[in-house]
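To find a chain, count down the sequence lines: A is the first, B the second, and so on, and within it residues start at 1. Quick note: numbers below take in every heavy atom, side chains included, and nothing from hydrogens, waters or symmetry partners.
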Amino acid sequence: MRDNKVIAPHLLDWYDRHARVLPWRVPPGGAKADPYRVWLSEIMLQQTTVAAVKDYFLRFTALWPDVGSLAAAPDQQVMAEWAGLGYYARARNLLACARMVAAAGGFPKDRNGLQALPGIGPYTSAAIAAIAYDQPETVVDGNVERVVARLHAVETPLPAAKPELVALAERLTPDTRPGDYAQAMMDLGATICTPRSPACGICPLIDDCDARVMGIAAELPRKTPKAAKPDRIGIAWVARRGDSILLEERPAKGLLGGTLAFPSAGWDGRDMPPPGSADWQEIGHVRHVFTHFNLSLMVVMGDLQDGPDRGHLVRLRDLDRNALPGLMRKVWDMARAEIAA
DNA sequence: CATCCGTGGAT
DNA sequence: TATCCAAGGAT
């Protein structure tokens, strides 16, 4: 029979020996974590893998070592540095949040205050409060949902099971070392209690897990099936004039909001004409997968005869591929190959 | 509560 | 190739 009181001690003992070393992390029992670095890493890590975040985190903290310097950064530079990481609303909220925090003289020191800031929801507010301020808030991300669903053998499928999992997780949260405990739960989920083939044989909670006894650990948490992704098509214009190429900033809201992009239409709910007159030549198609649809984008290229009526011309040698979101990098790579040919 | 919002890696 | 999914939040 599981004893809730021993779970945190078991987990913390394991964490003291096996904590992952990460750029934004303070070692177990170590010095106090910097709220700015905790916040920045947590925003980047939302629905994003540790491997993908590492370089972005190092780059951001090198450019902007504190919230004041980030708050003073130009919007376009932050968007360009975020390019490729996805979920661009995070970048816009990041900057809005940094400016509010800088104006207030620092981060709020409790969960409710944190959650009032843009881009900070139930998970992130609890994570910052626990990790940076050592408050016994319960952090519930996808890892914790999975660990708790297995410990308690919760068979209700997600997302309906979420409230129940949160309540169960709250009962496990210790009053001491809540920040280490939160990170330990996530490390356990990421390295031992993994989605497909959990390594129960080396799990520090093997004697505390109901699903393990029932032999259903790998099946939990159950999830309600997702709808199939529809296919969408569209067109992107690679408009050239001399040694320059046309780019535009996308509208702040919606798909790839606020990012630098080639003019395009037909795939994002906006019906736009070509940005100018040209003898457009089809050079190929790029495929891209978004969260809720598959995209096949026809790429056409041409020399502008008039216009453009929007966007701005950028010299090829000034075009930074890394400042483009992933989809537009594919468009650019195709166009660059065509130009070279 | 459902939908929208990226990207890349693992299986 | 198809599917899942990764430290979620806003609307």
Which is true for [X] with a 4.0 Å heavy-atom rule: it touches a base, it touches only sugar-phosphate, or it touches nothing?
X: A/G257; answer: nothing
X: A/S41; answer: nothing
X: A/V289; answer: base
X: A/L327; answer: sugar-phosphate
X: A/G189; answer: nothing
X: A/L295; answer: nothing
X: A/R92; answer: nothing

Which comes earlier along DNA chain C counting from the 5' end, the contact point of A/W24 or that of A/G119, where each point is its nearest nucleotide? A/W24
Which is more 5' along DNA chain C, the nucleotide nearest A/A127 or the one nearest A/L117? Just name the residue. A/A127
It should be established whether [X] places a side-chain nitrogen or oxygen under 4.0 Å from OP1 or OP2 of nucleotide [N].
X: A/H292; N: B/dT3; answer: no
X: A/R25; N: C/dA7; answer: no
X: A/H288; N: B/dG6; answer: no
X: A/Q46; N: C/dG8; answer: no
X: A/Y87; N: C/dA6; answer: no

Of all the nucleotides listed ([options]), which has the minimum atom distance to the side chain of [X]?
X: A/T291; options: B/dG6, B/dT7, C/dG9; result: B/dG6
X: A/P325; options: B/dG6, B/dT7, C/dA7; result: B/dT7
X: A/P122; options: C/dC5, B/dG6, C/dG9; result: C/dG9
X: A/A190; options: C/dC5, C/dA7, B/dG6; result: C/dA7
X: A/R196; options: B/dG6, C/dG9, C/dC4; result: C/dC4

Take the angle between the ring planes of A/W39 and A/F107 and call it parallel below 30°, perpendicular above 60°, tilted in between. tilted
Anything under 30° is parallel, anything over 60° is perpendicular, the rest tilted; go ahead and classify A/F293 against A/W267. tilted
Have A/R146 and A/N143 got a donor and an acceptor in their side chains that come within less than 3.5 Å? yes
Quick check: any donor-acceptor pair below 3.5 Å linking the side-chain of A/T49 to the base of B/dG9?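 Side chain to base: no pair present.
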Using only heavy-atom distances, decide whether a donor-acceptor pair under 3.5 angstrom links the side-chain of A/T48 to the base of C/dG8.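 No, no donor-acceptor pair under 3.5 Å.
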Base partner of C/dT11, which must satisfy Watson-Crick or wobble distances under 3.5 Å: B/dA2
Indicate the atoms forming the closest heavy-atom contact of A/L85 with A/A52, along with that distance.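 Minimum heavy-atom separation between A/L85 and A/A52: CD1-O, 4.0 Å.
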Can you check the distance between B/dT3 and C/dA7, where both ends of the measurement are the C1' atom (answer in whole Å)?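 Between the two C1' atoms, the distance is 22 Å.
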Please check if the number of heavy atoms outside A/R310 that lie under 6.0 Å from its CZ is greater than 12. yes
By nearest nucleotide on DNA chain B, pick out whichever of A/A52 and A/A160 is the more 5' one. A/A160
Applying side chain to side chain donor-acceptor pair (under 3.5 Å), run through A/S125 and A/R111 and close with a yes or a no. CA-CA 5 Å; A/S125 62; A/R111 186 175 179 178; 3.2 Å; yes
Between A/D55 (CG) and B/dT7 (C1'), how many Å, whole number? 15 Å
